[in-house]
There are 2 protein chains.
Amino acid sequence: MTSVRAPRRRLEPDERREQILRCAIRLFGERPYAAVSTTEIAAEAGVARGLVNHYFGTKRELYLVVVRQMLRVPSSAATALPRGSLRTRVQASVDWFLDSVSPHARTWVAVIGTEGVGSDPDVEAILAEADEVAVDHVLAAVGLDGTAAGHEQRRAMIRAYGAMVKAATREWSVRGTLSRDELRLLLTQSLVSLVRDTFPHLPK
Amino acid sequence: MTSVRAPRRRLEPDERREQILRCAIRLFGERPYAAVSTTEIAAEAGVARGLVNHYFGTKRELYLVVVRQMLRVPSSAATALPRGSLRTRVQASVDWFLDSVSPHARTWVAVIGTEGVGSDPDVEAILAEADEVAVDHVLAAVGLDGTAAGHEQRRAMIRAYGAMVKAATREWSVRGTLSRDELRLLLTQSLVSLVRDTFPHLPK
DNA sequence: CAAGTTGTTGACGCCGCGCCAATAGCGTCC
DNA sequence: GGACGCTATTGGCGCGGCGTCAACAACTTG
């Protein structure tokens with residue numbers, strides 16, 4: 001059985017690049033970095049391995065592009081926030097988050113999943129940047145985006161809250177141990193408590 | 001400059017194994033998996049590379065041992081919990097956690113740090129196991145370890161709370177954006193709120 | 001001091017990665 | 001429509017990391 005190799009086809013750089021990227025996203029999504037070879041990615045894309053290096057330089061650089069790409073999900077900017085009590089506004093933000101993350105929840109969780117020892121500084125930088133954007137959203141939602149006192153502490157606490165959001169979303173979408181309503185309750189309650197009960201104790 | 005190679009010394013298996021393991025822990029702690037070679041580990045331990053495989057089989061298996069090892073920190077079992085209000089008991093547990101994690105906080109944080117896309121199932125299993133133990137501690141601390149109603153939901157929410165604990169501890173020990181007192185406040189307040197305000201809404 | 005035990009070594013084969021010169025699609029111009 | 005040039009694409013080279021295994025030597029035992 002002599003496999004007829006498909007005739008070599010020439011594509012626009014952007015097109016080819018994106019095609020390879022799609023394959024890489026899928027493979028890196030199912031297995032850890034070290035368990036995915038560029039050979040495999042190239043084969044998946046029906047392309048010579050050298051081409052992967054041509055477009056992305058290094059396996060590591062390709063990986064970073066993948067991470068960046070998968071975080072470019074929740075950019076659909078702010079919907080108008082309702083006026084009302086703190087709880088009302090928080091509730092609305094939580095709902096917005098749940099709605100926008102629902103379609104690709106599992107993928108989103110995979111990106112920010114833990115892998116363990118020895119974190120990569122570059123990867124962390126990318127995740128950190130995404131976190132800052134998320135913090136800005138939350139601050140705007142609770143109406144504290146203009147305040148200067150205890151600024152850093154507030155941001156730090158919201159980053160921590162963000163970690164809980166990720167973990168809880170994971171419980172819901174991957175493990176199925178929480179219903180969507182329970183997740184909604186947890187996220188709302190916690191953020192309200194954070195703003196109402198914890199923030200006031202920070203240095204003025 | 002002919003380097004005088006140290007005379008070959010023969011050690012007890014346990015001893016040698018532990019020595020190699022120490023080096024591996026240090027190296028995997030500072031760089032991601034793929035950036036650490038077994039050659040490097042062996043060199044660090046002043047030993048032939050083959051010996052690493054002899055004791056740990058595969059690089060990957062060695063890595064798993066490292067992860068397991070670094071999580072074997074907080075096993076110093078329950079100190080007696082004080083009687084008193086929910087807040088008092090939670091406060092005591094948080095203090096206990098902070099005290100026991102303080103000495104090696106940075107290392108501890110490194111273990112549970114995120115690395116991104118494509119999580120390793122084996123690593124996750126280890127982390128998950130450690131999480132369950134932590135959940136048991138928390139449940140005991142808040143005095144809910146006997147309850148059966150809404151059991152899974154409660155555990156899931158506490159796992160999510162645990163993620164916040166990790167992130168907040170990281171803010172304190174690595175980034176320095178929170179003081180220890182602020183961290184203590186955040187952890188206490190959040191857990192109290194979780195038990196007092198969120199749990200009651202779960203199905204009976 | 002000889003023989004056995006076993007911790008330890010060094011090299012072999014394989015495979016993945018980064019690089020680069022050669023090759024061949026595809027548009028262009030006469 | 002055929003020759004030409006541009007560049008997307010290939011395939012192979014060299015290097016280095018990983019797993020294996022037979023040989024070696026440190027230490028023990030009689």
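All values below were derived from every heavy atom in this structure, side-chain atoms included, with hydrogens, water molecules and symmetry-related copies excluded. Per chain, numbering begins at 1; letters A, B, ... match sequence-line order.
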Pairing of [X] and [Y] as salt bridge, 4.0 angstrom limit:
{"X": "B/D122", "Y": "B/R60", "answer": "yes"}
{"X": "A/E124", "Y": "B/R170", "answer": "yes"}
{"X": "A/R22", "Y": "A/E44", "answer": "no"}
{"X": "B/D131", "Y": "B/R155", "answer": "no"}
{"X": "A/D99", "Y": "A/R180", "answer": "yes"}
{"X": "B/R159", "Y": "B/E132", "answer": "yes"}

Tell me, do A/F97 and A/T169 make a side-chain contact under 4.5 Å, heavy atoms counted?
-> yes
Please check if the side chain of B/R49 supplies one atom and the backbone of B/A42 the other of a donor-acceptor pair under 3.5 Å.
-> no
Spell out, as yes or no, whether a donor-acceptor pair under 3.5 Å connects the side chain of A/T177 to the backbone of A/E171.
-> yes
Does anything in residues 35-44 of chain A reach DNA chain C, meaning a heavy atom under 4.0 Å, and if so which residues?
-> A/V36, A/S37, A/T38, A/T39
Ordered by number, residues from residues 53-60 of chain B within less than 4.0 Å of DNA chain C (heavy atoms) are B/H54, B/Y55
Picking from C/dT23, C/dC17, D/dG11, which would you name as closest to the side chain of A/A48?
-> D/dG11
When the distance from [atom1] of [X] to [atom2] of [N] is rounded to whole Å, what number comes out?
{"X": "A/R49", "N": "C/dG16", "atom1": "CZ", "atom2": "P", "value": "9 Å"}
{"X": "A/R9", "N": "C/dG27", "atom1": "CZ", "atom2": "C1'", "value": "16 Å"}
{"X": "A/L51", "N": "C/dG16", "atom1": "CG", "atom2": "P", "value": "18 Å"}

Is the number of heavy atoms from other residues, nucleotides or ligands under 6.0 Å of A/E129 CD greater than 12?
-> no
Tell me, which of residues 10-22 of chain B have any heavy atom that sits under 4.0 Å from an atom in DNA chain D?
-> B/R10
